[in-house]
Amino acid sequence: MSESSGNTIERIENEALVKLLGKVRSDNSEENMIALLKEAAVSTFLVPVDGSEGNYSFHAVSDKNGLKYMVVYSDSDSFEVAFEDKYKKQQGVAAGFGDLVEVVMSDKMGLSGFVINPGVEEVLFGKDMVKLIAQQMGIGGDGTAKVGEPDKYPPELKGALTEYLKIEPSVSKIWVRLMRENGTDRISWLIIAETVLEGEQMKYMLDNMRKYCLPYLDNMDAYCASSKEEFAAQVIKGVKPFCEAE
């Protein structure tokens with residue numbers, strides 16, 4: 001999370017997110033909720049905090065059952081309305097959706113989830129939903145995986161994937177990351193493909209790509225995914241492809 005405070009807060013505007021929050025508030029259908037999740041996953045939020053970096057305390061609200069939810073705001077306008085004249089003194093940190101998920105899943109504050117724009121659109125993400133999102137995004141929390149850049153790649157992998165791109169025209173880019181399941185020593189490769197295929201054709205291609213890669217992975221397992229999947233898109237955001245079609 002990056003810090004902002006006082007009147008130096010960088011403006012955050014999420015027009016599509018705000019519109020969807022209002023829509024879900026009046027109609028929390030599965031269709032609307034999925035659309036909101038997709039938008040939230042690529043949005044930056046403002047989180048009110050007290051204290052100093054490394055020792056922040058987050059704002060939280062409790063429901064009638066005493067469950068605590070971290071307070072976050074969808075944009076600068078919502079943040080300023082919530083604190084009115086106090087917003088110039090109220091510290092805020094900019095946080096991605098993944099940051100919010102990690103804080104909730106860490107259990108350090110005993111949170112039961114987080115709530116966006118309390119008292120207004122007020123859309124709540126409970127811990128069960130957050131855990132499911134964490135699993136899909138490959139971030140934080142028990143039973144989920146940490147994904148990152150490996151120290152080194154299997155020596156024959158790049159050549160093998162370069163050849164694969166020549167024989168599989170539906171794939172244009174490939175990313176390779178390393179996954180470690182939290183709380184275990186279980187490590188595997190995550191191979192993400194940018195492909196024009198969808199549905200069953202895409203699943204078939206990904207299964208074949210995994211089988212093709214296994215001999216070149218130094219006896220480690222692999223999980224193959226499409227860059228269209230939400231968690232995969234988060235993992236490769238800002239990351240240069242491992243190889244690309246010519």
Side-chain angles (χ1 to χ4, degrees), residues 1-4 12-50 56-83 90-147 182-183 228-235 237:
M1 299 187 186
S2 58
E3 180 182 6
S4 300
I12 292 178
E13 298 179 0
N14 293 314
E15 292 183 14
L17 178 67
V18 172
K19 186 178 294 184
L20 284 166
L21 285 167
K23 201 171 183 179
V24 166
R25 180 69 170 168
S26 59
D27 176 13
N28 63 347
S29 65
E30 182 178 357
E31 181 183 356
N32 287 344
M33 200 64 189
I34 289 173
L36 174 61
L37 281 171
K38 287 182 177 179
E39 188 62 32
V42 295
S43 297
T44 299
F45 297 82
L46 266 174
V47 182
V49 296
D50 299 317
Y56 284 136
S57 61
F58 299 95
H59 291 204
V61 295
S62 299
D63 66 8
K64 60 183 179 181
N65 298 314
L67 299 176
K68 291 197 307 181
Y69 297 88
M70 182 170 67
V71 172
V72 307
Y73 292 93
S74 60
D75 58 357
S76 295
D77 288 343
S78 299
F79 185 90
E80 291 168 8
V81 168
F83 292 97
Q90 177 60 54
Q91 292 184 82
V93 293
F97 195 73
D99 294 323
L100 305 182
V101 172
E102 287 196 2
V103 170
V104 170
M105 295 305 298
S106 71
D107 286 328
K108 291 179 181 178
M109 294 177 58
L111 294 167
S112 294
F114 61 88
V115 57
I116 304 175
N117 296 352
V120 190
E121 292 87 2
E122 195 166 316
V123 174
L124 185 147
F125 288 82
K127 197 161 190 174
D128 286 344
M129 181 182 289
V130 170
K131 186 173 183 178
L132 178 62
I133 295 167
Q135 291 170 343
Q136 293 299 313
M137 293 174 70
I139 55 176
D142 295 339
T144 61
K146 288 288 186 180
V147 181
N182 283 353
K228 297 173 186 175
E229 296 180 44
E230 287 181 33
F231 86 95
Q234 288 291 317
V235 166
K237 188 175 182 180

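All values derive from a computational prediction rather than experimental measurement. Sequential numbering from 1 along the given sequence is applied to the chain's residues.
- Checked by atom type, the side-chain pair Asn14/Ser74 shows no donor-acceptor distance below 3.5 Å.
- Ring planes of Phe125 and Phe97: perpendicular class, angle over 60° (limits at 30 and 60°).
- Phe114 is not listed as a side-chain neighbour of Phe58, based on a closest heavy-atom distance of 4.5 Å or more.
- Within the 4.5 Å cutoff, side-chain heavy atoms of Leu111 are placed close to those of Val103.
- For the pair Ser112 and Tyr69, the tightest heavy-atom approach, listed with the atom from each and the gap, is O-CE2, 3.3 Å.
- Here the side chains of Ser62 and Lys68 are in contact, with some heavy-atom distance below 4.5 Å.
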Under the side-chain contact (heavy atoms from CB on, under 4.5 Å) rule, what do Ile12 and Asp77 come out as? Steps first, then yes or no, please.
CA-CA 8 Å; Ile12 292 178; Asp77 288 343; over 6 Å; no

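- Counting only heavy atoms from C-beta outward, the side chains of His59 and Asp50 approach each other to under 4.5 Å.
- Closest of all the heavy-atom pairs between Leu46 and Pro48 is O-CD, 3.8 Å.
- Taking both residues in full, the closest heavy atoms of Val49 and Gln90 are given as O-NE2, 2.9 Å, listed atom of the first, atom of the second, then distance.
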Full working for side-chain contact (heavy atoms from CB on, under 4.5 Å) between Ile116 and Glu121:
CA-CA 7 Å; Ile116 304 175; Glu121 292 87 2; over 6 Å; no

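- When every heavy atom of Ala41 is checked against every heavy atom of Gln234, the shortest pair comes out as O-NE2, 2.6 Å.
- For Lys19, the NZ atom counts as loosely surrounded, since its 6.0 Å shell holds 12 or fewer non-hydrogen atoms of other residues, nucleotides or ligands.
- Residues Tyr73 and Ser78 approach most closely at CD2-O, 3.8 Å, considering heavy atoms.
- Side-chain atoms of Asp63 come within 3.5 Å of backbone atoms of Asn65 as a donor-acceptor pair (strictly under, hydrogens ignored).
- The shortest distance between side-chain heavy atoms of Lys23 and Leu36 does not fall below 4.5 Å.
- Partner of Asn32 under the side-chain contact (heavy atoms from CB on, under 4.5 Å) criterion, out of Val24, Leu21, Leu20: Val24 alone.
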